[in-house]
Peer 1: 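Would you mind keeping the following structure in view while I ask a few things?
FYI, side chains are in, hydrogens and waters are out, and symmetry mates aren't considered; it's all heavy atoms of this structure. Note that the structure is a prediction, hence the values are computed from the model and not measured.
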Amino acid sequence: MKRKHKIYLCMTIFLLAIYICLLVILSLSEHGDNTATIRSFKDAFWYSLVTLTTVGYGDLTPVTPLGKAVGVIFLLMSAGIMMTLFGAAVSFVTSEGFPLFLLGFQRKKNWYYFADCGVESTTLAANIYREEPDSVLIFGEKRDEQTEFPDFPCLFINASPARIVAHKKNIGPICKIFLMKENDIGVNTRAVDLHTLPVMVYARTTNGQDYLSGNINFFHSYDCCARQYWHSKPLCIAEKTIVIIGFGNYGRCILKRAIMTNIISINQCVTYHIFGDAKGFLATHNHLHEAFSLGHASETTDSLIFHEELWEYNHDIITQADRIIICPDDEPEGWNIYWRLNSYYQIHGNIHLHSNRKTPGVTYFGTNEEIYTPNQIMRTALNKAAITINELFCRAVSYPTKTWEELDAFHRESKIAAADHILMKIRILMQDETITELTPQITQKAYQKYCETKKSATIHDMYRKLDHNRWLRFYTYYNWSYGSTRNDITKQHPMLCPYENLNAEQKRERDAAWDLLGSIAAELS
């Protein structure tokens, strides 16, 4: 117990003892007088309550000198006690006591705790409330008087996660903790020992890692933006030239997701022109030439062309591009590029601008409302699909495999990347490029189409080859190369070869990502 609490407890006991002594003195002094109306301890207690609360019924009054002296003490105490009680009530309501008291009635609900109440935190909280109105949203600091109160019910409690979790008393779902500032888990004192609590932790990071261990999960806001971008604006079969202007955090993540997701045909040859400083990126991902044509456009495979010069020098590329993605990390710079393109260039394709501002007539992406959503941050649906893929994969092969819990971060990400490609597979099966959401009806129809068409050995082989190409691009991005035997330490794998060189069992492994459609359709239904 803290020293301050001990002092308050001792003072309370001392004052209570004095109060009881006064009641005893009052009842004994009045009991001997025949004219007295206070004849017992019960009468003395009633008189004290009436006096201290300033009600003053007058039904009981002291008549002896000692009794009147005690009555005077009660009279003098009444104003102080009332002020103390009022102050205690105000303090209770305005401090953490009242919110904690309210929390006690909602332990069976989902609790979401945010270590701060910044823009990102309030945006995510608002999205959670829209999806789950019955949830309890807790901000772990006092609200700034300059900040508007959110448009959703929430509690501001200046308390640590440990205190909040202790107050939940292991009733209902475990609490979710969010650290929304970049790399907050390394500097925020409230992140200490979170791994020991019965909670799920989601921490924002810039290093691209998605999983640490135990209950610690990371999310990368730039990667969330890129994933949302290609999900809402997928690559179309007619698009052959994509331009990315700006190769900072956003640009790198958008290219990463394009590499892992934009596989729509076994014969595609999309050329990506990237403007920005790519030296570090190319030095890190030094095996990209095994899956892409680097430096020049190819007619048989996808190409990555990194330009050191300014985009302004490449009029033909800019004007003839099917899609231009403007995504410098500095948003005002992005708007400047957007206006210059519209003012001085006759653009053939679509311009997509990364912006947190919603402006009519502008095709933008990456607003806070789109990025900071439960599905993006907690990735519940995506992780669930990835787990299912791993289960299907384990059943499809004869050699020993690992459960989801046994997989390391890289191999988990491999399954997540496969799940991320599901929307593209549905668009391919349905031959409908307008599909941007997984609905029960569309997913079920796509799975039925897959089951019907794979009866043709040629089409079935095409499906497998397409997913093998996706798998190759993922492993190449992480610098794996071909090896006669698999070695996770040296990053070598016997399947990093053309599809035609795979054996029958290796080809069957590629069915797992397609078979997932059936599980998703059943889940959505």
Peer 1: Measure up the Phe178 and Tyr202 rings against each other and bin them: parallel (under 30°), tilted (30 to 60°), perpendicular (over 60°).
Peer 2: parallel

Peer 1: Does Lys176 reach the main-chain N or O of Met200 with its side chain, forming a donor-acceptor pair under 3.5 Å?
Peer 2: no

Peer 1: If you count every heavy atom of other residues, nucleotides or ligands that lies below 6.0 Å from Lys445 atom NZ, does the total exceed 12?
Peer 2: no

Peer 1: Would Lys358 and Tyr364 count as a cation-pi pair here, with the cationic atom under 6.0 angstrom from the ring centre and within 45° of the axis?
Peer 2: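 Judged by the rule, Lys358 and Tyr364 form no cation-pi pair.
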
Peer 1: Between Leu466 and His421, is there a side-chain heavy-atom distance shorter than 4.5 Å?
Peer 2: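 In contact.
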
Peer 1: Could you check whether Lys465 pairs with Glu500 (Lys NZ or Arg NE/NH1/NH2 to Asp/Glu carboxylate O, under 4.0 Å)?
Peer 2: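 Looking at Lys465 and Glu500, the cut-off is met.
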
Peer 1: Taking the six-membered ring for Trp, are Tyr477 and Phe281 parallel (under 30°), tilted (30 to 60°) or perpendicular (over 60°)?
Peer 2: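 Tilted.
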
Peer 1: To the nearest 0.5 Å, how far apart are CG in Asp467 and NZ in Lys507?
Peer 2: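 Going from CG on Asp467 over to NZ on Lys507, the span is 14.5 Å.
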
Peer 1: Parallel, tilted or perpendicular: which fits the ring planes of Phe219 and Tyr372, with parallel below 30° and perpendicular above 60°?
Peer 2: perpendicular

Peer 1: Could you tell me which non-hydrogen atom of Gly366 sits nearest to which non-hydrogen atom of Ile371, and how far apart they are?
Peer 2: O-CD1, 3.3 Å

Peer 1: I'd like to check the side-chain hydrogen bond (donor to acceptor under 3.5 Å, both in side chains) partners of Glu370; sequence neighbours left out, ordered by chain and number.
Peer 2: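 Applying side-chain hydrogen bond (donor to acceptor under 3.5 Å, both in side chains) to Glu370 gives Thr367.
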
Peer 1: Are there more than 12 heavy atoms of other residues, nucleotides or ligands under 6.0 Å from atom CD of Gln431?
Peer 2: no

Peer 1: Could you tell me whether the side chain of Arg470 reaches within less than 4.5 Å of the side chain of Lys425, counting heavy atoms only?
Peer 2: yes

Peer 1: Tell me whether Asp511 is salt-bridged to Lys454, with the criterion being a basic N under 4.0 Å from an acidic carboxylate O.
Peer 2: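 No salt bridge links Asp511 with Lys454.
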
Peer 1: Work out which heavy atom in Gln492 is nearest to a heavy atom in Tyr482; give both atom names and the distance.
Peer 2: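 Answer, listing the atom of Gln492 first, then Tyr482: NE2-O, 3.8 Å.
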
Peer 1: Show, in sequence, the C-alpha distance, side-chain angles and deciding distance for Ile242 and Asn262, and conclude whether the side chain to side chain contact (heavy atoms under 4.5 Å, CB included) test is met.
Peer 2: CA-CA 11 Å; Ile242 308 292; Asn262 291 350; over 6 Å; no

Peer 1: Taking all non-hydrogen atoms of both residues, which atom of His273 and which atom of His307 are closest, and how far apart?
Peer 2: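 Distance-wise, the nearest heavy atoms are ND1-NE2, 2.8 Å.
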
Peer 1: Would you say the side-chain atoms of Asn127 pair up with the backbone N or O of Glu369, donor to acceptor, closer than 3.5 Å?
Peer 2: yes

Peer 1: Look at the side chain of Thr122 and the backbone N and O of Val119, then say whether any donor-acceptor pair between them is shorter than 3.5 Å.
Peer 2: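 Pair found, side chain donor or acceptor close to backbone of Val119.
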
Peer 1: Is the CG atom of Asn503 crowded by more than 12 outside heavy atoms at less than 6.0 Å?
Peer 2: yes

Peer 1: How are the rings of Tyr463 and Tyr450 set to each other: parallel, tilted or perpendicular (split at 30° and 60°)?
Peer 2: tilted

Peer 1: For the salt bridge (Lys or Arg N to Asp or Glu O under 4.0 Å) test, which of Arg257, Lys415, Arg379 pairs with Asp420?
Peer 2: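 Looking at Arg257, Lys415, Arg379, the match for Asp420 under the salt bridge (Lys or Arg N to Asp or Glu O under 4.0 Å) is Arg257.
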
Peer 1: Quick one: sort the Tyr478 and Phe474 rings into parallel, tilted or perpendicular, breaks at 30° and 60°.
Peer 2: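 Correct class here is tilted.
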
